[in-house]
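I have placed the structure first, in the form of structure tokens, so that the comments after it can refer back to it.
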Amino acid sequence: MYSATVILVGLLAIAGACLMWIRRRETQQREALSALAARRGLTLQVTPQSLGRPSLMRLSSRGGPEWTVQSRGGGAASAPPLLEFAGQEPVWRDGYVFIASEAFLDRSQRDIVGDGMGADLSGLEPFETDQPLTIYATTSPRLRVDLGDMARLWQQWPDRAPGITAAPIAMLGPEGLRLQLRSAVWTADQMEAFIDMALDVGRTIGPQRG
């Protein structure tokens with residue numbers, strides 16, 4: 001009886017220490033994100049996980065071209081982790097262009113493009129390129145996008161965001177630019193790397209003329 005009580009007390013102490021460590025880590029992450037938002041002039045909003053709903057974190061621009069980055073934690077099977085950048089610029093008026101890493105070549109078109117992005121996939125065709133990219137488009141992106149520069153952004157991603165094995169998927173359309181990562185990202189360094197990646201993709205595409 002005595003031994004069982006000692007074991008129970010020990011387990012409770014370990015559980016309490018783990019809970020304290022988790023809360024301390026969450027506090028540190030929140031403080032780092034707040035510092036990131038202040039340093040880059042962004043608005044930060046965090047909604048904790050509750051009642052089966054996944055946790056949400058959103059960073060939004062203030063002034064200049066409008067964009068938001070939202071991270072959704074995996075709180076349920078129906079809501080897997082997702083990180084998404086959505087910007088009003090640049091736009092692609094001639095349908096849609098999807099860009100991903102070459103690693104997506106062995107997946108079906110639905111796995112590559114449009115899943116959760118709300119795009120009209122009609123007319124999308126695979127676009128052949130000698131760059132290590134997977135591209136589906138309704139019109140050729142060559143006249144507007146330097147695919148070599150775009151490929152370098154994807155090649156730099158693993159070094160840019162250590163600890164994240166997934167690669168982003170970009171969609172450009174009439175509504176603007178979206179970049180998705182099928183992973184929850186909560187550290188300030190990872191979040192900033194994703195934001196910089198999205199902004200670099202937008203600068204590489206550039207404004208549409210005419």
Side-chain angles (χ1 to χ4, degrees), residues 40 42 58-72 80-158 160-161 164 166-185 190-210:
R40 299 194 60 157
L42 307 175
R58 177 177 295 174
L59 284 165
S60 305
S61 63
R62 290 188 294 188
E66 293 185 9
W67 55 262
T68 62
V69 171
Q70 180 168 289
S71 178
R72 183 183 70 202
L82 177 69
L83 180 65
E84 182 178 70
F85 172 99
Q88 294 183 343
E89 299 178 5
V91 297
W92 189 277
R93 299 187 184 94
D94 303 320
Y96 292 93
V97 177
F98 287 82
I99 304 174
S101 69
E102 193 175 33
F104 285 85
L105 282 172
D106 59 349
R107 301 187 183 182
S108 68
Q109 178 170 322
R110 183 161 183 80
D111 286 334
I112 297 171
V113 299
D115 183 14
M117 287 186 168
D120 180 4
L121 305 185
S122 61
L124 278 170
E125 297 290 342
F127 182 79
E128 296 297 330
T129 173
D130 57 358
Q131 300 296 331
L133 294 171
T134 295
I135 299 177
Y136 281 78
T138 51
T139 57
S140 172
R142 283 193 186 278
L143 296 178
R144 184 172 170 192
V145 181
D146 187 317
L147 296 180
D149 289 345
M150 192 67 73
R152 280 187 283 275
L153 295 179
W154 263 263
Q155 290 172 327
Q156 294 166 2
W157 173 251
R160 197 173 198 172
I164 303 178
I169 303 172
M171 181 188 84
L172 184 67
E175 301 85 3
L177 173 67
R178 296 174 76 176
L179 195 74
Q180 283 192 355
L181 187 66
R182 308 303 170 85
S183 174
V185 176
Q190 292 172 338
M191 180 63 70
E192 188 165 26
F194 182 76
I195 291 172
D196 288 338
M197 169 81 167
L199 295 177
D200 284 346
V201 169
R203 281 190 288 266
T204 300
I205 294 169
Q208 185 164 1
R209 296 178 176 84

Partners meeting ring pair (Phe, Tyr, Trp, His ring centres under 6.0 Å) with W67 (sequence neighbours left out): F85
A side-chain contact here means heavy atoms from C-beta on lying under 4.5 Å apart; do W92 and T139 qualify? yes
Closest heavy-atom contact between T204 and D146? CG2-O, 4.1 Å
List the atom of V97, the atom of A137, and the distance in Å for their closest heavy-atom pair. CG2-CB, 3.9 Å
For the residue pair V91 and E175, what are the closest heavy atoms and their distance? CG1-C, 4.5 Å
Judged by atom type as modelled, is there a donor-acceptor pair below 3.5 Å linking the side chain of T134 to the main-chain atoms of S101? yes
Heavy atoms only: give me the nearest L179-A170 pair and the separation to one decimal. CD1-CB, 3.5 Å
Using the salt bridge (charged side-chain N to carboxylate O under 4.0 Å, His left out) criterion, which residues pair with R40? Sequence neighbours excluded. E192, D196
Quick one: side-chain contact (heavy atoms from CB on, under 4.5 Å) partners of Q155, sequence neighbours excluded? P132, R152
How long is the straight-line distance from CG of L83 back to CZ of F194, given to the nearest 0.5 Å? 4.0 Å
Quick check for you: to the nearest 0.5 Å, what is the distance between F98 atom CZ and I135 atom CD1? 12.5 Å
Suppose we screen for side-chain contact (heavy atoms from CB on, under 4.5 Å). Which residues come up paired with E89, at least two apart in sequence or across chains? P65
Any donor and acceptor pair, going by atom type alone, linking the side chain of T68 with main-chain N or O of S60 inside 3.5 Å? no
Do W154 and M150 come close enough that some side-chain heavy atom pair is under 4.5 Å? yes
Separation of L177 CG from Q88 CD (nearest 0.5 Å): 12.0 Å
For E66 and S61 the tightest heavy-atom approach is CA-OG, 3.4 Å
Roughly how far apart are E84 CD and Q70 CD, rounded to 0.5 Å? 7.5 Å
L42 and I195, any side-chain heavy atoms less than 4.5 Å apart: yes
Spacing of I205 atom CD1 and I99 atom CD1 [to the nearest 0.5 Å]: 5.5 Å
Those residues at least two apart in sequence (or on a different chain) that pass salt bridge (charged side-chain N to carboxylate O under 4.0 Å, His left out) with D200 are R160, R203
Mind checking whether L147 and F127 have side chains closer than 4.5 Å, heavy atoms only? yes
